[in-house]
> 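This is the structure I want to talk about, given as structure tokens.
Below, read A as the first sequence line, B as the second, and so on, with proteins coming before strands; counting in each chain starts at 1.
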Number of protein chains: 2
Amino acid sequence: MAEAYELPLLLFAGFRALIDELHAELARRGHPDVRPAYGFAMQAIGPRGASASEIGRRLGVSKQAAGKTVDRLAALGYVERVDDPADARRKLIRLTPRGIDSLTQSAEIFEILRTRWVAKLGAGRVETIESSLRAVVPGPNYPVDVPGWFGILAG
Amino acid sequence: MAEAYELPLLLFAGFRALIDELHAELARRGHPDVRPAYGFAMQAIGPRGASASEIGRRLGVSKQAAGKTVDRLAALGYVERVDDPADARRKLIRLTPRGIDSLTQSAEIFEILRTRWVAKLGAGRVETIESSLRAVVPGPNYPVDVPGWFGILAG
DNA sequence: ACGGTTTGGACAACCACGTTGTCGATTCTA
DNA sequence: TAGAATCGACAACGTGGTTGTCCAAACCGT
């Protein structure tokens with residue numbers, strides 16, 4: 001008899017556990033100041049680069065918010081701003097080699113973490129979690145404006 | 001063949017979907033300005049009340065952060081501060097009837113949402129998700145300082 | 001080819017939520 | 001009873017969001 005209120009807490013705890021372990025390992029591998037928000041942003045930039053406005057749209061946040069995150073990412077050397085020769089308004093945000101490395105490492109670490117879950121739970125249960133969640137969540141493009149969302153909502 | 005990076009996203013999307021639906025329904029039921037953070041805080045206060053410092057400890061945040069949340073909760077009429085007759089330093093934070101109502105309604109809504117998942121996935125799969133997550137997450141007292149955590153970490 | 005509309009990026013002000021550090025007042029304890 | 005711990009308040013700050021404004025550049029219909 002599970003209490004219904006536990007379900008969201010367990011989902012969050014699972015998410016948080018994975019993200020915490022990811023960043024602990026990322027820190028060990030030379031990326032101590034990557035934060036969860038940065039990972040999502042770099043994911044949104046992608047290997048081909050993107051403008052700040054595009055990043056905002058992909059992340060579900062305003063272009064200003066995306067721009068600020070890019071500032072921090074640039075200060076840490078994970079991305080660089082390049083003038084777009086085809087459009088003088090745009091500044092293309094590109095991952096630096098360091099940025100690409102953090103993404104590559106993250107992918108590796110996620111593999112390891114999932115493997116660890118499979119070892120504990122069995123492949124079947126992990127696949128059940130994945131396919132079940134895919135069936136109940138609205139869509140694949142869920143915005144990741146976590147802090148703002150948690151605070152605001154229902155306004 | 002699931003990509004490993006999907007697992008955390010799916011967990012988060014599941015969490016977020018539940019919380020979003022909770023607050024949409026809460027708004028319909030007369031609590032339009034309860035935010036996710038407030039629900040956690042009121043949960044931490046509990047029916048017997050608590051001091052700001054206690055709330056902070058239960059939530060895994062500083063007493064100052066807890067105090068600020070209490071301010072907002074008090075401004076909305078969900079809690080009240082009462083002088084503790086047994087300890088002149090303490091101010092007891094107590095849920096008002098409105099606060100209690102929001103918690104009661106939340107519990108009801110979580111039941112409904114879980115039932116909806118059971119209808120879609122079957123009771124077995126939902127129970128698999130719950131028991132599996134219980135097995136892989138560190139402990140039951142996971143801190144819920146979501147916004148701060150998302151931003152900071154690995155500092 | 002020109003003029004109105006979009007768009008991109010920068011800047012400012014603001015809010016929510018967290019953090020440390022400090023402080024006076026009270027309570028606990030050795 | 002003196003020293004240590006705790007409570008709540010206040011201030012300053014950081015991070016991640018939001019609007020609104022603004023200009024320059026690009027787009028598009030006439």
> Let's test your reading of the model: under 3.5 Å, does the base of D:dG8 pair with the side chain of B:K63 as donor and acceptor?
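Yes.
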
> Any side-chain N or O of B:R90 below 4.0 angstrom from OP1/OP2 of D:dT6?
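Result: no.
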
> Reckon A:S51 has a side-chain N or O less than 4.0 Å from the OP1 or OP2 of C:dG8?
no

> Where the side chain of B:Q64 is defined as all heavy atoms beyond and including C-beta, which of C:dT26, C:dT20, D:dT18 is the nearest nucleotide?
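Nearest listed nucleotide: C:dT20.
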
> How close do B:G14 and A:V137 get, counting heavy atoms only, and between which atoms?
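In terms of heavy atoms, the two residues are closest at N-CG1, 3.5 Å.
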
> State whether B:Y38 places a side-chain N or O below 4.0 Å from either non-bridging phosphate oxygen (OP1 or OP2) of C:dA16.
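Answer is no, no contact under 4.0 Å.
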
> Base, sugar-phosphate, or nothing: which does A:A65 touch, judged by heavy atoms less than 4.0 Å apart?
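Base contact.
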
> Please work out which residues in residues 66-74 of chain B have a non-hydrogen atom less than 4.0 Å from an atom of DNA chain C and list them by number.
B:K68, B:T69, B:R72

> The criterion is side chain to side chain contact (heavy atoms under 4.5 Å, CB included); which residues satisfy it with B:R116, sequence neighbours excluded?
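For B:R116 the side chain to side chain contact (heavy atoms under 4.5 Å, CB included) partners, ignoring immediate neighbours, are B:E21, B:I112, B:L113.
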
> Check this for me, if you would: do A:E54 and A:K63 make a salt bridge, where the nitrogen-to-carboxylate-oxygen distance has to be below 4.0 angstrom?
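Here A:E54 does not pair with A:K63 in a salt bridge, since their nearest N and O are not under 4.0 Å apart.
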
> What are the two closest heavy atoms between A:I55 and A:A50, and how far apart are they?
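Heavy-atom minimum between the residues: CG1-CB, 4.0 Å.
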
> Counting only side-chain N and O atoms of B:S62, is one of them less than 4.0 Å from OP1 or OP2 of C:dT19?
yes

> So, does B:R81 get its side chain near the phosphate of D:dA9, meaning an N or O under 4.0 Å from OP1 or OP2?
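Checking B:R81 against D:dA9: at least one side-chain N or O falls below 4.0 Å of OP1 or OP2.
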
> Could you run down the sub-3.5 Å N/O contacts of the protein with nucleotides 1-7 of chain C?
unit_1: C:dT7; atom_1: O2; unit_2: A:R89; atom_2: NH1; d: 2.7

